[in-house]
Amino acid sequence: MMAEVAYIGGYTPDTGGSGPGITLVELGSLVRLGETVASGPSFLAVHPTLPVLYAAGEAERGTVGTFGRGDDGALSPLAQRSSEGSSPCHLAVDPTGTRLAVANYGDGTVSVHGLDPAGLPEQVWIFPYREGAHAHQAVFGPDGVLYVSDLGAGEVRRYLVGETVVPHPDGPVRLAEGMGPRHMARAGDHWYVTGELDGTVRVYDDGWRELRAVPATGTGRHNEPSHLEVSASGELVYVANRGPDTISVLAGPELTPVAEVACGGVWPRHFAVADDRMYVANQRSDGVAVLPLDDGVPGPVAEVFAVGSPSCVLPLP
């Protein structure tokens, strides 16, 4: 049986970084198993049932790359399509494996691609938005709704996903003025959202009523929080802080501070948790730091895996 692995995406020389494309690494040993050439694969996602991986090609003319995954984890290109917008920075596959949503940061366009039985994109629905929009993350909710955080518009945009894809009849959810919503996660009946522009973390009920807002860092330094995740238990909220270069741990839903630790590098763009370890993609220090977890709380950095301009870590069993 193959050991657990992770795919690391990031910026390549043609997209302002130094990364090789998509790097395959064995978790635990941190042995580099291979590299796949791709242009600016800033975010990665996998199909829920098929050995297929998707990569957002973050360029002015954005792309979505589709790759087959071999038994050894090696990737082979299957298709490349337009993201239907500029600078796609996030994508997500719905739980049924029939829809792939792409958030295009550059012009705010959201595209939803129908996936055929082999996991290849086919039909596409395109949703441009108003000037100044910056779609940042796409999340399929448990209610048949696609949620997209829009940093520029200060909203969470909503789309009904079924046989077709249409804007939600109730429209977008307006969030706090000047917040700049970036990444979000749902746990139970609550939504947690990072504010990249005001440095906050906010919690909302299932009707999107704000319950509390707190600073994402306790350092007092200027902060542009990036990624946010909720622990498997649903009790802890993890936030990556760019500027302070820390990971904050908050207890939900009150957002009570639990801990704040060094991220092991500079500009933590993304992180993922696997096997009681947190893997932090530190974009500006060219490495993925490994932080062991103790009761869900990250401790001091154990080691760093060197890779150019990492922006996404995707662990797989």
Can Ser86 and Asn104 be counted as having a side-chain donor-acceptor contact under 3.5 angstrom? no
Heavy-atom distance under 4.5 Å between the side chains of Leu151 and Glu196, does that happen here? yes
Nearest-0.5 Å distance that lies between atom CZ in Arg158 and atom CH2 in Trp208: 8.5 Å
Within 6.0 Å of CZ in Arg174, more than 12 heavy atoms from elsewhere: yes
Check the pair Glu303, Leu30 against side-chain contact (heavy atoms from CB on, under 4.5 Å), reporting the backbone distance first and the verdict last. CA-CA 9 Å; Glu303 50 191 323; Leu30 293 187; 3.5 Å; yes
Looking only at heavy atoms, which two atoms of His222 and Pro244 are closest? And how far apart? O-CD, 3.3 Å
Is there a donor-acceptor pair closer than 3.5 Å between any side-chain N or O of Ser87 and the backbone N or O of Gly106? no
Parallel, tilted or perpendicular for Phe43 and His90, by the 30°/60° rule? tilted
Between Gln137 and Met184 (side chain of the first, backbone of the second, donor and acceptor by atom type, cut-off under 3.5 Å), is there such a pair? yes
Say you draw a straight line from CD of Glu35 to CG of Leu24; how long is it, rounded to the nearest 0.5 Å? 10.0 Å
Can you confirm whether the side chains of Thr164 and Trp125 place a donor and an acceptor under 3.5 Å from each other? yes
Just wondering, do Val165 and Phe127 contact through their side chains at under 4.5 Å, heavy atoms? yes
Is the terminal nitrogen or CZ of Arg157 (NZ for Lys, CZ for Arg) located under 6.0 angstrom from the six-membered ring centre of Tyr129 and within 45° of that ring's axis? yes
Would a 4.5 Å heavy-atom cut-off, applied to side chains only, mark Val288 and Val307 as touching? yes
Check: Glu254 main-chain N/O paired with Arg212 side-chain donor or acceptor under 3.5 Å: yes
Asp94 side chain to Gly97 main-chain N or O, any donor-acceptor pair under 3.5 Å? yes
Determine whether a donor-acceptor pair (N or O, by modelled atom type, separation under 3.5 Å) exists between the side chain of Thr219 and the backbone of Arg221. yes
Do Asp150 side-chain atoms and His134 backbone N/O form a donor-acceptor pair below 3.5 Å? yes
Student check: side-chain heavy atoms of Thr36 and Phe67 closer than 4.5 Å: yes
In terms of heavy-atom contacts, does CG of Asp170 have more than 12 from other residues, nucleotides or ligands at under 6.0 Å? yes
Taking side chain as C-beta onward, heavy atoms only, is Val258 less than 4.5 Å from Val297? yes
side-chain contact (heavy atoms from CB on, under 4.5 Å) assessment of Glu4 paired with Asp275: CA-CA 9 Å; Glu4 285 197 345; Asp275 284 344; 2.5 Å; yes
Consider side-chain contact (heavy atoms from CB on, under 4.5 Å). Of Leu27, Leu293, Val290, which one does Arg277 pass it with? Val290
How many angstroms lie between CG in Leu236 and OG in Ser248, if you round to the nearest 0.5 Å? 12.0 Å
Would you please test Val25 and Leu33 for side-chain contact (heavy atoms from CB on, under 4.5 Å) and show each step? CA-CA 5 Å; Val25 58; Leu33 300 177; 5.9 Å; no
Considering non-hydrogen atoms only, spot the tightest contact between Pro310 and Asp286 and give its length. CD-CA, 4.0 Å
Between Tyr11 and Arg269, do the side chains contain a donor N or O and an acceptor N or O under 3.5 Å apart? yes
Evaluate side-chain contact (heavy atoms from CB on, under 4.5 Å) for Val273 paired with Tyr279, printing each intermediate quantity in order. CA-CA 6 Å; Val273 173; Tyr279 297 85; over 6 Å; no
Taking the six-membered ring for Trp, are the ring centroids of His136 and Tyr105 within less than 6.0 Å of each other? yes
Atom pair CH2 (Trp191) and CG (Leu211), whose distance is rounded to the nearest 0.5 Å: 14.0 Å
Spacing of Glu224 atom CD and Arg242 atom CZ [to the nearest 0.5 Å]: 5.5 Å
Short question: side chain of Ser285, backbone of Trp267 - any donor-acceptor pair under 3.5 Å? no
For residues Tyr159 and Val145, determine if any side-chain heavy atom of one lies less than 4.5 Å from a side-chain heavy atom of the other. no
What do you reckon, are the aromatic ring centroids of Tyr238 and His227 less than 6.0 Å apart? no
Can you confirm whether Thr200 sits close enough to Met179 that some side-chain heavy atom of one is under 4.5 Å from a side-chain heavy atom of the other? yes
Pro41 pairs by side-chain contact (heavy atoms from CB on, under 4.5 Å) with which of Thr12, Thr15, Leu53, Ile8? Thr12
Identify the heavy atoms of Ser309 and Gly17 that sit nearest to each other, and give their distance. OG-CA, 3.4 Å
Same cluster or not: Val93 versus Val64, using hydrophobic residues (I, L, V, M, F, W, Y) connected whenever any side-chain heavy atoms lie under 4.5 Å apart? yes
For residues Ser311 and His270, determine if any side-chain heavy atom of one lies less than 4.5 Å from a side-chain heavy atom of the other. no
Are Asp143 and Tyr147 close enough that a side-chain donor and a side-chain acceptor fall under 3.5 Å? yes
Test applied, side chain to side chain donor-acceptor pair (under 3.5 Å); reference residue, Asn241; option that passes from Thr246, Thr217, Thr194: Thr246
Do any N or O atoms from the side chain of Ser29 and from the backbone of Val31 form a donor-acceptor pair under 3.5 angstrom? yes
Nearest heavy-atom approach of Leu197 to Gly178 is CB-O, 3.4 Å
Please report the closest heavy-atom contact between Ala135 and Thr109, naming both atoms and the distance. CB-O, 4.4 Å
Within this structure, what is the OG1-NE2 distance for the pair Thr49 and His47, rounded to the nearest 0.5 Å? 4.5 Å
Looking only at heavy atoms, what is the nearest atom pair of His113 and Glu84, with distance? CE1-CG, 4.5 Å
